[in-house]
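Everything below concerns the one structure shown next.
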Amino acid sequence: MGRLTYDGFDTPIVVDDLELAHLKLVMTTKLRRAECFSLSWRHPDGSGRSTLWIHPNTQVRFDFDSAGDPELDPARIARMADEAAFGAITFGCASA
């Protein structure tokens, strides 16, 4: 399980390493282009969902439990990039 830490939040978002690797690629591409977007996820306990507004001045940290680089799925990247182009990336969240 990996962790996504967002500027100003003490508790990281726990995400499967493979999902986090895909998020990292799409998010860093958007931020490198100075594009804003929202990032939404479902709470692992089923209690709801949360959304963050991500902009180029945001500090984001990606921590992976695995040391190796996972094999990324181009179709998954394309889906996330399409979502981001419309302003929102949605992903599942792992149990802590």
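Just so it is clear, the values below take in all heavy atoms, side chains as well, and ignore hydrogens, waters and symmetry mates.
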Whether the side chain of [X] engages the backbone of [Y] through a donor-acceptor N/O pair (distance < 3.5 Å, no angle test) should be reported.
X	Y	result
R3	M1	yes
Y6	T11	no
D17	F64	no
E83	T90	yes
T29	L25	yes

Side chain to side chain contact (heavy atoms under 4.5 Å, CB included) assessment of L20 paired with D63: CA-CA 9 Å; L20 187 58; D63 291 299; 5.8 Å; no
Pair N57, D7 - check side chain to side chain contact (heavy atoms under 4.5 Å, CB included), show working. CA-CA 9 Å; N57 294 329; D7 188 25; over 6 Å; no
Residue pair C36 / P56, side-chain heavy-atom distance below 4.5 Å: yes
Hey, does H22 have a side-chain heavy atom less than 4.5 Å from the side chain of L72? yes
Between [X] and [Y], what is the shortest heavy-atom contact and its length?
X	Y	result
P12	T5	CB-OG1, 3.6 Å
I13	W41	CD1-CH2, 3.4 Å
D16	L18	OD2-N, 3.0 Å
R49	H43	C-NE2, 3.4 Å

Take M27 and V60 through the test side chain to side chain contact (heavy atoms under 4.5 Å, CB included) and record every step on the way to the result. CA-CA 9 Å; M27 289 176 68; V60 181; 4.0 Å; yes
The criterion is side chain to side chain donor-acceptor pair (under 3.5 Å); which residues satisfy it with D73, sequence neighbours excluded? none
Got a second to check how far S38's OG is from F86's CZ, nearest 0.5 Å? 13.0 Å
Measure the spacing between CD of E35 and CD1 of I54 and express it to the nearest 0.5 Å. 13.5 Å
Does T51 form a side chain to side chain contact (heavy atoms under 4.5 Å, CB included) with L39? I'd like the steps, not just the answer. CA-CA 5 Å; T51 300; L39 180 66; over 6 Å; no
Applying salt bridge (Lys or Arg N to Asp or Glu O under 4.0 Å) as the test, list every pair that has at least one member in residues 19-28; sequence neighbours left out. E19-R76
